[in-house]
Number of protein chains: 2
Amino acid sequence: MGPKNSVSMKDVARLAQVSVGTVSNVINAPDRVTAPTRIRVAEAIAKLGWVPNESARQLRAGRSRSIGMVVMDISNPFFTDVVKGAEEVLYREQYSVQIGNSDQQPTRELTLLDRFEQQRVGGVLFAPVGDSAERVLALRRRGIPVVIVDRAGISSDFCSVGVDDLVGGRLAGRHLIEQGHRRLAFVGGPSTLTQVRDRRGGIELAVEQAGGDATLLAVSTPGLTLDAGVAAAGDLAALPDGERPTGVFAANDLIAIGLLQGFVTAGLRVPEDIALVGYDDIAFAAAAAVPISSVHQPRAEIGRKSAELLVAEIEAADAEQPHSHETVRFTPTLVVRRSSAGSPPRG
Amino acid sequence: MGPKNSVSMKDVARLAQVSVGTVSNVINAPDRVTAPTRIRVAEAIAKLGWVPNESARQLRAGRSRSIGMVVMDISNPFFTDVVKGAEEVLYREQYSVQIGNSDQQPTRELTLLDRFEQQRVGGVLFAPVGDSAERVLALRRRGIPVVIVDRAGISSDFCSVGVDDLVGGRLAGRHLIEQGHRRLAFVGGPSTLTQVRDRRGGIELAVEQAGGDATLLAVSTPGLTLDAGVAAAGDLAALPDGERPTGVFAANDLIAIGLLQGFVTAGLRVPEDIALVGYDDIAFAAAAAVPISSVHQPRAEIGRKSAELLVAEIEAADAEQPHSHETVRFTPTLVVRRSSAGSPPRG
DNA sequence: TTCGACCATTGAACCGTATCAATACTGGCC
DNA sequence: GGCCAGTATTGATACGGTTCAATGGTCGAA
């Protein structure tokens with residue numbers, strides 16, 4: 001239909017009666033250009049509505065000011081908060097962010113990394129589901145820095161940021177035990193996720209350390225979603241009263257909120273019949289039918305710190321300076337709310 | 001540190017003993033290449049670990065398989081659901097998506113559009129906050145198709161997808177009136193947002209049509225967030241019992257959830273003292289302290305349809321075929337839950 | 001054997017910018 | 001006036017692909 005209205009630097013140069021090199025300087029090094037010419041060029045740019053072509057710029061310059069971010073589940077508020085923290089830093093530093101949602105599928109995760117590599121992004125913030133270690137090393141070999149988010153210290157080959165999930169899980173477990181619960185349950189999955197394994201490991205530790213008669217039932221879910229929680233609640237509710245756990249620790253708040261819904265539907269009261277502790281402390285946990293106790297992670301801070309580490313690594317590489325990888329492991333805290341208040345039912 | 005390990009098509013061509021043109025064909029038109037050479041080239045690619053440079057490809061080819069998406073608030077589950085719907089379609093169609101979060105700031109919105117234009121994205125899915133009509137037209141003038149999301153039929157210059165917010169607002173208003181409420185309130189803002197104006201307009205309409213003594217109090221908030229809802233709840237709770245509205249319609253579910261929290265804190269019971277209806281019907285509305293009635297939008301469907309329209313427009317442009325813009329306006333429905341059940345307190 | 005048709009492959013031109021050595025200009029100073 | 005130092009500007013080149021006209025080779029038909 002319309003004319004392929006493609007105005008380039010050359011057109012600007014012609015209109016402003018200068019060379020393309022000068023136009024380039026007006027953009028990238030304005031102080032190298034004399035005021036009158038600078039103005040003439042600026043006017044030409046405005047008149048033609050020229051917008052620099054990022055592809056051409058990047059092709060020539062080699063580097064890119066866009067960074068890629070891969071998250072497991074964009075509809076989990078935990079990740080959107082991490083994303084917002086990262087965006088805040090990157091926006092300020094003049095990077096643009098590309099968010100990719102792997103939806104907990106290792107295949108999609110790899111596809112996203114492929115695309116980022118093809119686009120020669122300046123760096124990648126990566127919250128992995130599968131074991132993409134090899135793929136990530138390939139990225140680094142090409143010179144693309146990668147920071148691992150939400151899984152701290154998995155390897156000393158990268159910077160990484162996360163919380164100590166073992167500690168978090170133990171906090172939750174101890175709390176339930178201190179409240180008097182003896183039949184505990186852990187709900188979450190898949191256990192291919194480090195986060196799930198560690199959080200479960202944490203509550204297992206708490207149970208062992210408590211000694212005595214405390215037991216732990218592990219309920220595995222296909223994913224960390226609301227629906228998975230609802231389904232798991234049905235399974236638990238179906239157990240006879242004497243066998244059903246009285247204290248449940250969910251691998252994240254989405255599961256916890258789902259469990260709560262499911263319990264209510266099944267006629268179980270929280271916390272009177274069954275106590276509940278979640279993980280992440282997303283805003284919606286406090287607003288749930290019964291406010292949910294949760295292991296708090298500094299979500300925005302995780303995002304910010306990841307972005308800062310990534311920017312530092314990118315700039316070190318640009319300046320050909322050495323860079324040593326850093327592992328930042330935040331310590332989680334427990335926020336107690338109504339869902340785990342009071343003592344367990346006798347039974 | 002490491003060598004700038006930049007392997008290009010030329011290297012592949014040399015190793016495979018063919019010309020770069022042939023390598024290109026292996027990638028883009030495999031059937032033009034004889035099987036033996038194809039294999040030889042494939043082996044060379046694998047051996048060298050070559051990954052095509054998207055910038056170079058795009059620079060030459062002119063088109064781009066990445067599309068930009070601008071949302072108002074990435075931490076609002078409504079938008080993440082829309083995003084997931086769009087991603088589903090675009091991933092299938094081999095496009096990559098860049099998500100930008102304007103955070104309800106017109107300035108950031110414009111910055112994001114600028115970046116997308118510089119990157120010469122293939123198309124843009126745009127959920128606008130401000131009045132960016134001019135900027136959007138500039139994009140189109142450059143040949144970048146734009147689909148307006150979550151604001152249907154604002155202009156016949158673009159495709160657009162959304163729901164009829166006037167109808168949605170009226171549904172909510174009618175429902176509250178039918179439940180016997182006479183002192184109604186609308187909570188939301190800023191009213192620069194079409195969505196907010198339309199939803200308020202809808203309940204105003206319902207109040208007018210109901211005739212009689214029904215009144216509407218409009219409470220303006222700075223944004224559509226949880227916190228804004230909590231704050232507004234404080235204001236409403238501070239009103240004397242006889243004056244306080246008994247039926248409240250929130251411009252979205254985040255506000256509604258915030259209101260609910262605020263009311264509970266202030267000692268007001270929902271729905272006994274004050275009834276509540278939200279908008280969007282996000283998953284968390286049903287899971288709130290009191291399950292919240294809400295005007296349902298087909299969130300994923302909005303995302304899918306937007307993406308489909310965008311792809312159609314892009315492909316029409318590629319094929320130099322005419323394209324006529326389409327406006328898709330879904331009709332919202334009301335989902336009644338406990339937050340608006342029962343009759344108003346006498347007072 | 002010769003010719004033409006057809007197909008696989010080649011090679012050069014180009015996309016829009018950054019970069020940098022070379023050049024043109026300026027003003028100050030002897 | 002001539003020369004020099006210091007800037008402002010130029011123009012050619014490279015980046016890594018795609019594209020397409022031109023080339024070379026094969027095979028069947030005459």
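Letters A, B, ... mirror the listed sequences (proteins, then strands); counts begin at 1.
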Any ion pair linking Arg14(A) and Asp11(A) (charged N to carboxylate O, less than 4.0 Å)?
-> yes

note: Gln58(B), atom CD; dG16(C), atom P; distance rounded to Å ~ 12 Å

Which part of the nucleic acid, if any, lies within reach of Thr34(B) when heavy atoms closer than 4.0 Å are counted: base, sugar-phosphate only, or nothing?
-> sugar-phosphate

For Asp31(B) and dT9(C), give me the distance from atom CG to atom C1', rounded to whole Å.
-> 15 Å

Do Glu117(A) and Arg142(A) meet the salt-bridge criterion of a basic N to acidic O distance under 4.0 Å?
-> yes

With respect to the side chain of Ser19(B), which nucleotide from dT17(C), dT10(C), dT18(D) is positioned closest?
-> dT10(C)

Ser8(A) side-chain N/O to dC15(C) phosphate OP1/OP2 under 4.0 Å = no

Touch class at under 4.0 angstrom, heavy-atom based, for Val33(A) against every strand present = sugar-phosphate

Report the nucleotide, chosen from dT10(C), dT10(D), dG17(D), that has the shortest atom-to-atom distance to any side-chain atom of Pro52(B).
-> dG17(D)

Length of the line joining Gln119(B):CD and dT17(C):C1', which is rounded to integer Å | 15 Å

Which listed nucleotide (dG17(D), dT17(C), dT10(C)) is nearest to the side chain of Trp50(B)?
-> dG17(D)

Separation of atom CG in Asp11(A) from atom P in dC15(C), rounded to whole Å = 11 Å

Check whether any side-chain N or O of Ser55(A) sits under 3.5 Å from a backbone N or O of Gln58(B) as a donor-acceptor pair, and report yes or no.
-> no

Send over the distance from Arg38(B) CZ to dT9(C) C1', rounded to a whole Å.
-> 14 Å

Which nucleotide in the list dG16(C), dT10(C), dT18(D) gets nearest to the side chain of Ser24(B)?
-> dT18(D)

Atom-pair distance (CG on Leu59(A); P on dA18(C)), nearest Å = 11 Å

Do the side chain of His325(B) and the main chain of Asp157(B) share a donor and acceptor less than 3.5 angstrom apart?
-> yes

With a non-hydrogen cut-off below 4.0 angstrom, is Val18(B) in contact with a base, only sugar-phosphate, or nothing?
-> sugar-phosphate

Of the candidate nucleotides dT10(C), dG16(C), dT17(C), which contains the atom at the shortest distance from the side chain of Met9(A)?
-> dT17(C)

Where do Glu301(B) and Arg304(B) land on the salt bridge (charged side-chain N to carboxylate O under 4.0 Å, His left out) test, with the steps shown first?
-> CA-CA 5 Å; Glu301(B) 185 60 25; Arg304(B) 278 193 295 266; 2.8 Å; yes

So, is Ser55(A) near the phosphate of dC15(C), with a side-chain N or O under 4.0 Å from OP1 or OP2?
-> no

Find which nucleotide of DNA chain C each of Asn25(A) and Gly21(B) is nearest to by heavy atoms, and output the residue with the more 5' nucleotide.
-> Gly21(B)

What's the NZ-C1' distance between Lys10(B) and dC15(D), to the nearest Å?
-> 9 Å

Hey, which of these two, Val51(B) or Arg32(B), hits DNA chain D nearer its 5' end, going by closest nucleotide?
-> Val51(B)

Quick one: which of dA18(C), dT18(D), dT17(C) gets closest to the side chain of Asn28(B)?
-> dT18(D)

Of Asn53(A) and Gln17(B), the one whose closest DNA chain C nucleotide lies more 5' | Gln17(B)

Calculate the interatomic distance between Ile27(B) atom CD1 and dG17(D) atom C1'; express it in whole Å.
-> 11 Å

If you measure from the Lys or Arg side-chain nitrogens to the Asp or Glu carboxylate oxygens, is any gap between Glu54(A) and Arg120(B) under 4.0 Å?
-> no

So, is Thr37(A) near the phosphate of dA8(D), with a side-chain N or O under 4.0 Å from OP1 or OP2?
-> no

Heavy-atom donor-acceptor pair, Arg60(B) side-chain to dT18(D) base, under 3.5 Å = yes

